[in-house]
Amino acid sequence: MGERTDILFVGTGYFTEIMLGDIAATARTPLRVVVGGRNPDRIKWLVDACRSRTMIHGTRVRFEGEVLDSNAADNLVEPLSRLRPRTVVQSASMQSPWKVDNGESRWSDLVASAGFGSTIAFHALLAWRTATALERTELDAHFVNTCYPDGVNQLLAAAGKPMTTGVGNVGIFSAVIGGRLPIEKRQALRVLGHHRHLVEWRKPVGTRAGNPVRAWIDAEEIPDTDALTGDIQLPYRDLNVISGASAVPVLLALSGEGGRRAHVPGPHGRPGGYPVRVDLDGVTLDLPPTISEADAIAWNRQFEEADGVSVRDGWVVYADRTKEALAAHDAAIAEGFEVTDVERAAAALGQLRERLGG
């Protein structure tokens, strides 16, 4: 039986590029990393670039490439069984987050009015296939989903699929807030935040709506995080410079480099993002002593209405405004779908997107 892979990436987009580059530069232990996707030219470039970075930085990570066919879960079983990854990182989606709510198509206009959560089936589809294939291999592996993890991870967990954590999203807020704190206070920082806050932080300065992210230094809560961060207007694609980087300590800890504290969205299928501890065994919550797990989950759930989607009792349920916007084009889609019916839901949403020119 061949050598195990420490980290397998499924997807070769910009978010993956940031993660790979930082792993190549910062890993302290020898690792085998496999870059998987559908485009062999893109895979080859990422592998060569990362090998070059290991030379530059003197790290001991070996990078390899693997062409993967994610058109069906069955196609992924053989490569997963052969590569035997300890951690699988799903970072490819059927919907680019940078091509919605940008006013460039009727589809984009629909997502802007319905909320980002209306696209959950697209973000869940490839993660569903990868998780299903991983399940069939019966490998003892961590599954990390980067694609709308605040919502998709709930869906996967509700369907009984492998689910360790997401990365990104809340990691942006903890990094930005921590970067503005005195160095001696950074390790004590704990942050709660939801994907919805990304939408708010992209708005022009002074126009954010809703409750802000919450942050603590040890047990003491920072009274006004917007006062600390209100001058920031996040870019779109370029925020991956922070978001992708925030994933790397998590992936290295899961690979056995040593336990550490971090911030992740969707740990074990919870809604929203949380402070956690991460090590080879997985992810556990690391909440401030002044808030319970139940209260932290409830706090994060309040943002699902604005995002447009929630997962309840085995169903993906759209918020009222999301239902109304979707029903104007397709009444069946507006009714939501069972968490086990991702393939059909994504196909129906794809037909709608095609009609609207997205």
Side-chain angles (χ1 to χ4, degrees), residues 7 9-28 33 35 37 42-43 45-54 56-57 59 61 63 89-93 95-102 116 123 144-150 165-181 183 186 189 191 193-205 208 213 215 225 228-254 257 260-266 273 275-276 278:
I7 307 173
F9 286 88
V10 183
T12 59
Y14 182 48
F15 193 88
T16 301
E17 180 181 331
I18 298 295
M19 291 188 287
L20 289 172
D22 278 9
I23 287 172
T26 65
R28 300 192 304 266
V33 176
V35 183
R42 173 67 171 165
I43 292 168
W45 165 245
L46 289 175
V47 168
D48 284 337
C50 288
R51 287 173 177 172
S52 300
R53 286 176 69 87
T54 65
I56 293 166
H57 293 284
T59 55
V61 186
F63 288 91
V89 184
Q90 177 66 45
S91 59
S93 171
Q95 174 65 63
S96 168
W98 320 124
K99 293 184 178 180
V100 296
D101 68 16
N102 59 11
F116 189 84
H123 298 293
V144 178
N145 169 52
T146 77
C147 304
Y148 190 33
D150 299 65
T165 187
V167 286
N169 292 0
V170 68
I172 298 169
F173 310 125
S174 61
V176 170
I177 293 170
R180 295 191 165 195
L181 294 177
I183 291 175
R186 293 177 181 177
L189 177 66
V191 177
H194 191 273
H195 172 270
R196 180 64 195 179
H197 289 109
L198 285 180
V199 178
E200 298 302 326
W201 281 39
R202 289 188 188 119
K203 292 179 179 179
V205 171
R208 295 178 192 170
V213 299
T225 56
L228 185 63
T229 63
D231 62 303
I232 295 172
Q233 183 179 2
L234 291 177
Y236 274 71
R237 185 176 181 271
D238 287 346
L239 66 80
N240 281 345
V241 172
I242 302 174
S243 188
S246 76
V248 171
V250 177
L251 300 181
L252 294 178
L254 290 173
E257 193 170 275
R260 61 191 74 192
R261 297 173 69 179
H263 289 82
V264 299
V276 295
V278 193

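Note that these values count all heavy atoms, side chains included, but never hydrogens, waters or copies made by symmetry.
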Trainee: Between His263 and Val191, what is the shortest heavy-atom contact and its length?
Mentor: NE2-N, 2.9 Å
Trainee: Would the distance check show the side chain of Arg261 and the main-chain N or O of Pro275 forming a donor-acceptor pair, the cut-off being under 3.5 Å?
Mentor: no
Trainee: Find the distance between CD (Gln233) and CZ (Arg202) and round it off to the nearest 0.5 Å.
Mentor: 10.5 Å
Trainee: For the CZ atom of Phe9 and the OG atom of Ser91, what is their distance to the nearest 0.5 Å?
Mentor: 7.0 Å
Trainee: Say you draw a straight line from CG of Leu46 to CZ of Phe63; how long is it, rounded to the nearest 0.5 Å?
Mentor: 9.5 Å
Trainee: Side-chain contact, heavy-atom cut-off 4.5 Å: Tyr14 with Val241?
Mentor: yes
Trainee: Is there a donor-acceptor pair closer than 3.5 Å between any side-chain N or O of Glu257 and the backbone N or O of Ala27?
Mentor: no
Trainee: Kindly indicate, with the supporting measurements, whether the criterion side-chain contact (heavy atoms from CB on, under 4.5 Å) is fulfilled by Val35 and Leu20.
Mentor: CA-CA 9 Å; Val35 183; Leu20 289 172; 3.8 Å; yes
Trainee: I would like to know whether Thr229 and Arg208 meet side-chain contact (heavy atoms from CB on, under 4.5 Å); could you show each step before the answer?
Mentor: CA-CA 11 Å; Thr229 63; Arg208 295 178 192 170; 3.1 Å; yes
Trainee: How far apart are the closest heavy atoms of Gly168 and Pro265, and which atoms are they?
Mentor: O-CD, 3.3 Å
Trainee: Between Thr146 and Val167, is there a donor-acceptor pair closer than 3.5 Å when you use the side chain of the first and the backbone of the second?
Mentor: no
Trainee: Roughly how far, to the nearest 0.5 Å, is CG of Asn145 from NE2 of His123?
Mentor: 10.0 Å
Trainee: Over all heavy atoms of both residues, which pair between Cys147 and Ala92 is shortest? Give the atoms and the distance, please.
Mentor: SG-O, 3.4 Å
Trainee: What closest approach, in Å, do Pro249 and Arg260 show between heavy atoms, and which atom pair accounts for it?
Mentor: O-CD, 3.3 Å
Trainee: Under a 4.5 Å cut-off applied to non-hydrogen side-chain atoms, are Met19 and Ile7 in contact?
Mentor: no
Trainee: Nearest heavy-atom pair of Ile242 and Ile172: which atoms, and what distance?
Mentor: CG2-CA, 4.0 Å
Trainee: Determine, stepwise, if the pair Leu198 / Phe173 fulfils side-chain contact (heavy atoms from CB on, under 4.5 Å).
Mentor: CA-CA 9 Å; Leu198 285 180; Phe173 310 125; 3.8 Å; yes
Trainee: Mind listing the closest non-hydrogen atom pair of Gly178 and Arg186 along with its distance?
Mentor: O-NE, 2.9 Å
Trainee: Does the side chain of Pro149 reach to within under 4.5 Å of the side chain of Asn169, using non-hydrogen atoms?
Mentor: yes
Trainee: In Å, rounded to the nearest 0.5 Å, how long is the span from OG of Ser243 to CZ of Arg237?
Mentor: 13.0 Å
Trainee: Measure the shortest side-chain to side-chain distance between Val144 and Val250 over non-hydrogen atoms and say whether it is less than 4.5 angstrom.
Mentor: no
Trainee: Is it the case that the side chains of Thr16 and Arg42 hold a donor-acceptor pair, with the cut-off being a distance below 3.5 Å and no angle test?
Mentor: no
Trainee: Within the 4.5 Å heavy-atom criterion, are Ile177 and Val213 side-chain neighbours or not?
Mentor: yes
Trainee: Measure the spacing between CG of Asp22 and OG of Ser246 and express it to the nearest 0.5 Å.
Mentor: 10.0 Å
Trainee: Is there a side-chain contact (heavy atoms from CB on, under 4.5 Å) between Thr165 and Val276 once you walk through the steps?
Mentor: CA-CA 10 Å; Thr165 187; Val276 295; over 6 Å; no
Trainee: Less than 4.5 Å apart, side chain to side chain, heavy atoms only: is that true for Arg53 and Thr59?
Mentor: no
Trainee: For Phe116, run the ring pair (Phe, Tyr, Trp, His ring centres under 6.0 Å) check against His197, His194, His195 and tell me which one passes.
Mentor: His195
